[in-house]
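Notes to accompany the following structure.
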Amino acid sequence: MDDRLVGRAVQYHGHAEAYARHAAASPYNAGIDRPAVLALLGDVNGLRILDVGCGPGLYAQVLTTRGADVTGFDQSHDMITLARQRVPTARFRVHDLADPLTWIPDQTFDRALLALTLHYVDNPVAALRELHRVLIPGGLLVVSLHHPVTDWLKHGGSYFATAVVEEAWSAGWSVRYRRQPLEQTLAEFSAAGFALDRLVEPRPVAELATGHPDHDQGIGNRPTFIAFRLRTQP
């Protein structure tokens with residue numbers, strides 16, 4: 001495989017159930033990323049929401065309980081099976097974000113979320129343009145990513161370099177993702193037609209200290225993720 005490309009291999013292949021258990025309770029997912037993304041989405045009651053890279057349906061589950069009409073997709077058949085089991089009232093299908101959303105008409109959704117997914121796509125601008133197309137004028141897209149400073153400190157080299165990283169995580173998952181500087185990410189949002197509405201560097205929720213008392217106490221003193229609320233432009 002070209003070391004400059006993430007490729008189309010399904011992330012967490014063969015580990016969907018293990019990932020679902022991990023993401024449901026992990027202090028990083030449940031205590032930092034998910035609360036931040038849901039807060040940026042705001043009041044979703046009665047809104048049409050597209051859950052991009054929906055995984056096992058953890059975000060969709062919360063959004064439906066808050067009154068949203070949710071459609072989700074993921075490249076993994078196993079993740080979609082879990083999402084349908086978790087949220088039977090939502091609609092899910094298998095689809096790779098690297099491909100055009102030909103099954104979605106223009107201006108279908110009020111808001112969309114793209115949680116910890118965009119760094120797995122080789123052509124982010126093309127993917128973001130498709131999301132811009134399917135959102136209403138003034139619609140919102142909430143994106144979360146690894147914090148670029150964290151990736152830089154972890155892997156070294158130049159902060160300003162763009163590279164594909166391959167890692168074997170502690171649970172035995174082999175993943176490939178892009179790391180890049182913040183200015184490049186913001187340029188990609190702009191190239192796809194989005195305006196930055198808000199940028200957040202999420203801190204752990206208060207419950208993390210009591211729910212995970214044995215976890216690294218430095219988790220609240222360093223960046224882990226970064227989240228953006230973007231607005232479509234004409």
Side-chain angles (χ1 to χ4, degrees), residues 1-16 18-19 22-23 25-37 40 52-53 55 75-76 96-98 113-128 141-192 194 196 198-205 208-209 212 214-230:
M1 180 182 291
D2 190 331
D3 290 339
R4 297 167 297 178
L5 299 176
V6 175
R8 285 178 173 262
V10 177
Q11 303 288 342
Y12 312 106
H13 180 65
H15 303 285
Y19 175 80
H22 164 81
S26 161
Y28 290 97
N29 297 90
I32 302 178
D33 180 68
R34 200 149 59 243
V37 168
L40 287 173
V52 182
Q75 69 172 166
S76 166
D96 192 328
L97 181 59
L113 67 147
L114 184 56
L116 301 179
T117 298
L118 191 60
H119 45 267
Y120 296 130
V121 178
D122 286 314
N123 190 339
V125 174
L128 289 164
L141 170 64
V142 174
V143 180
S144 66
L145 294 164
H146 300 166
H147 199 291
V149 169
T150 298
D151 282 345
W152 171 54
L153 291 175
K154 186 175 183 179
H155 297 287
S158 170
Y159 166 80
F160 299 102
T162 298
V164 171
V165 174
E166 186 164 1
E167 294 181 339
W169 290 354
S170 59
W173 306 324
S174 178
V175 296
R176 288 173 64 89
Y177 61 90
R178 284 181 305 110
R179 54 166 286 201
Q180 62 187 38
L182 177 60
E183 67 179 9
Q184 181 172 333
T185 299
L186 294 176
E188 290 168 354
F189 294 156
S190 180
F194 286 99
L196 179 63
R198 189 177 174 196
L199 183 155
V200 174
E201 295 171 299
R203 277 69 156 179
V205 296
L208 184 60
H212 299 270
D214 58 341
H215 202 276
D216 178 4
Q217 295 303 304
I219 191 172
N221 298 322
R222 60 178 182 267
T224 50
F225 304 118
I226 189 167
F228 313 84
R229 186 167 63 203
L230 311 173

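Basis for what follows: all heavy atoms, side chains included, without hydrogens, waters or symmetry-related copies.
Ring geometry for Phe228 against Phe189 counts as perpendicular: the plane angle is over 60°, on a 0 to 90° scale with 30° as the lower cut.
The two residues Arg198 and Leu196 have their closest heavy-atom pair at O-CD1, 3.4 Å. Counting all heavy atoms, side chain and backbone alike, Phe225 lies closest to Tyr28 at CE1-O, 3.3 Å. Closest approach of Ala98 to Arg8, counting heavy atoms only: CB-NH2, 3.6 Å. Scanning all heavy atoms of the two residues, the minimum distance from Pro181 to Thr162 falls at CD-OG1, 4.0 Å. Between Asp122 and Gly7 the shortest heavy-atom distance is OD2-N, 2.9 Å.
To the nearest 0.5 Å, atom CG of residue Leu113 and atom CG of residue Leu141 are 8.0 Å apart. Atom CZ of Arg222 and atom NE2 of His147 lie 13.0 Å apart (nearest 0.5 Å).
A 4.5 Å side-chain heavy-atom check between Leu114 and Leu128 finds at least one atom pair inside the cut-off. Between Val165 and Asp151, every side-chain heavy-atom pair lies at or beyond the 4.5 Å cut-off. Counting heavy atoms from C-beta on, the side chains of Asn29 and Tyr19 come closer than 4.5 Å. The shortest distance between side-chain heavy atoms of Leu182 and Tyr159 falls below 4.5 Å. Side chains of Thr185 and Leu118 form no contact here, defined as non-hydrogen atoms less than 4.5 Å apart. Using a 4.5 Å heavy-atom threshold, the side chains of Lys154 and Arg179 count as separate. No side-chain heavy atom of Leu5 sits less than 4.5 Å from a side-chain heavy atom of Val164.
Arg176 places a side-chain N or O within 3.5 Å of a backbone atom of Val6 that can act as its donor or acceptor partner. For the pair Arg203 (side chain) and Glu201 (backbone), a donor-acceptor distance under 3.5 Å is present. Thr150 contributes a side-chain N or O that, together with a main-chain N or O of Pro223, makes up a donor-acceptor pair within less than 3.5 Å. Using modelled atom types, no side-chain atom of Trp152 and backbone atom of Ser158 make a donor-acceptor pair closer than 3.5 Å. Using modelled atom types, one side-chain atom of Arg229 and one backbone atom of Leu40 make a donor-acceptor pair closer than 3.5 Å. For the pair Arg178 (side chain) and Val121 (backbone), a donor-acceptor distance under 3.5 Å is present. A donor-acceptor pair under 3.5 Å is formed between the side chain of Arg34 and the backbone N or O of Ala23. When atom types are taken as modelled, the side chain of Ser144 and the backbone of Ala227 share no donor-acceptor pair closer than 3.5 angstrom.
For Phe160, the CZ atom counts as loosely surrounded, since its 6.0 Å shell holds 12 or fewer non-hydrogen atoms of other residues, nucleotides or ligands.
Under the side-chain contact (heavy atoms from CB on, under 4.5 Å) rule, Pro202 has a single partner from Asp33, Ile32, Thr224, which is Ile32.
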